[in-house]
Number of protein chains: 2
Amino acid sequence: MAITRTDVLAAAREVLRRHSLADLSMRRLATELGVSPNALYWHYPDKQTLLAALGDDILADVTAPADDLEWDERLESVARAMRASLCAVPDSAEVVSSGWSSGLSTMAVLDHLTDAARDGGLSASARRGLVTAIAQLVIGLTIEQQTRQQMERLGVTGPGDRDYDAEFADALAIVLAGARQVRAAQTVATAAS
Amino acid sequence: MAITRTDVLAAAREVLRRHSLADLSMRRLATELGVSPNALYWHYPDKQTLLAALGDDILADVTAPADDLEWDERLESVARAMRASLCAVPDSAEVVSSGWSSGLSTMAVLDHLTDAARDGGLSASARRGLVTAIAQLVIGLTIEQQTRQQMERLGVTGPGDRDYDAEFADALAIVLAGARQVRAAQTVATAAS
DNA sequence: ACCTGAACACCGTTCAAGT
DNA sequence: ACCTGAACACCGTTCAAGT
């Protein structure tokens with residue numbers, strides 16, 4: 001039976017879940033699928049593209065936030081959903097980061113953040129800054145957490161003392177406070193003109 | 001003549017400057033130093049540790065900000081200095097990111113951010129959140145920019161349309177506005193008690 | 001103290017060929 | 001359309017041995 005792109009992504013997820021990103025080689029993935037390494041190159045042009053698709057897949061369950069929420073609550077909701085999706089799959093934040101950097105990812109989640117910011121009435125540049133600040137926070141902090149978790153799992157390191165969830169909450173609170181403040185400043189400026 | 005740790009880091013920087021992180025292999029680095037690959041393992045236990053040292057080295061010129069600045073201006077100054085140091089060496093943001101994640105980096109720059117936040121009178125959790133938000137923004141956005149730049153340099157992609165400097169300024173403005181707002185809320189709470 | 005030689009166990013990717 | 005066999009040009013790391 002022939003293999004599909006979906007099979008490949010599922011197998012890749014499974015390698016991350018049971019092992020790590022370091023173990024996610026084309027050869028290993030092929031073995032897991034009972035196929036020769038070259039077979040993967042019929043479905044994806046290269047590893048980079050495969051990883052970008054995997055990253056998009058992992059974030060695919062981040063949908064538009066409930067529309068009875070205020071704009072800032074919607075931002076928070078999307079940010080937390082992104083982080084939850086990443087935390088469900090080991091090393092996924094690193095995968096998403098590389099996909100975004102390579103330009104091979106759709107970065108579709110960012111639209112939900114942008115939409116919420118627009119509904120808040122933020123200017124184009126304020127929206128852009130806000131989306132960047134939130135996205136980099138989610139990805140970057142989760143990379144650090146997941147790398148740490150892998151090291152603990154391998155026993156190369158003892159348990160750390162950082163509370164990543166609390167750190168995330170604190171950082172997100174600052175960014176959202178900034179968003180509200182920038183919006184308020186905009187409103188005053190508009191009213192004065 | 002024997003090689004020093006400093007020589008190794010200088011050669012690594014040069015490989016980044018003239019080529020890329022993908023070209024920075026232990027074997028390539030050794031060749032550049034006129035030495036056998038194994039020689040590097042006398043100076044550093046493994047590649048990960050070497051990269052962490054390189055990351056620290058690249059950020060070493062980010063010093064304490066001028067002390068005649070306000071606390072929030074100091075935060076901005078450190079953030080911009082971090083970004084400037086990274087932008088001076090191709091792919092360095094990725095190197096710093098991996099060093100931070102592995103736990104092998106000193107993350108010394110974060111102290112300057114923490115100090116400025118403390119002088120602003122921010123609570124411990126607000127400081128932690130603020131430092132995280134700024135650090136992840138600098139690293140994450142610069143990774144995206146530098147990866148893009150390498151792709152353009154290799155001609156695999158045409159020039160993009162993102163203005164990373166403007167994006168950074170917008171995002172940093174939001175975070176700093178958040179810091180000031182959180183501080184104001186703290187001050188009110190303190191006065192009321 | 002600092003390095004080399006030789007080897008181990010891997011990589012991503014390509015290309016021709018098979019069904 | 002989908003895959004295999006065989007090969008190319010690499011990796012990081014280790015270990016014994018050299019000076």
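Computed from a predicted structure; not experimentally measured. Reminder, nothing fancy here: chain letters follow the sequence lines and each chain counts from 1.
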Test side-chain hydrogen bond (donor to acceptor under 3.5 Å, both in side chains) applied to Gln150(A) - qualifying residues, sequence neighbours left out: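 Partners of Gln150(A) under the side-chain hydrogen bond (donor to acceptor under 3.5 Å, both in side chains) test: Asp91(A), Arg153(A).
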
Cluster companions of Val156(B) among Ile, Leu, Val, Met, Phe, Trp, Tyr (side-chain spacing under 4.5 Å):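 Val156(B) clusters with Met151(B), Leu154(B).
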
Under 4.5 Å side-chain linkage, directly or through intermediates, the cluster mates of Met1(A):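 Noted: Met1(A) shares its cluster with no other residue.
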
Summary of salt bridge (Lys or Arg N to Asp or Glu O under 4.0 Å) pairs that have at least one residue in residues 135-145 of chain B, sequence neighbours excluded: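 Listed once each, the pairs are Glu144(B)-Arg162(B).
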
Residue pairs involving residues 38-52 of chain B (criterion salt bridge (Lys or Arg N to Asp or Glu O under 4.0 Å); sequence neighbours excluded):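 Sorted pair list comes back empty.
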
Residues forming a salt bridge (charged side-chain N to carboxylate O under 4.0 Å, His left out) with Arg118(A), sequence neighbours excluded: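 Salt bridge (charged side-chain N to carboxylate O under 4.0 Å, His left out) list for Arg118(A), sorted by chain: Asp115(A).
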
All salt bridge (charged side-chain N to carboxylate O under 4.0 Å, His left out) counterparts of Asp165(B), not counting sequence neighbours: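 Result, salt bridge (charged side-chain N to carboxylate O under 4.0 Å, His left out) vs Asp165(B): Arg83(B).
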
For DNA chain D, the residues among residues 46-56 of chain B that have a non-hydrogen atom under 4.0 Å from it: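 Residues of residues 46-56 of chain B under 4.0 Å from DNA chain D: Asp46(B), Lys47(B).
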
Can you give the donor-acceptor pairs under 3.5 Å from side chains of residues 61-72 of chain B to other protein atoms, not counting sequence neighbours?
from, atom 1, to, atom 2, distance (Å)
Asp61(B), OD1, Ser85(B), OG, 2.9
Asp72(B), OD2, Arg180(B), NH1, 2.8

Stems where DNA chain C pairs, listed by first number, each of three or more Watson-Crick or G-U pairs under 3.5 Å: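 The stems are C:4-8 with D:12-16, C:12-16 with D:4-8.
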
Neighbours of DNA chain C within residues 8-36 of chain A, by heavy-atom distance under 4.0 Å: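 Ser25(A), Met26(A), Arg27(A) - these, ordered by number, are the residues of the stretch whose heavy atoms sit under 4.0 Å from the strand.
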
Reading 5' to 3' through nucleotides 14-19 of chain C, protein heavy-atom contacts under 4.0 Å coded B for base, S for sugar-phosphate only, - for none: B-----

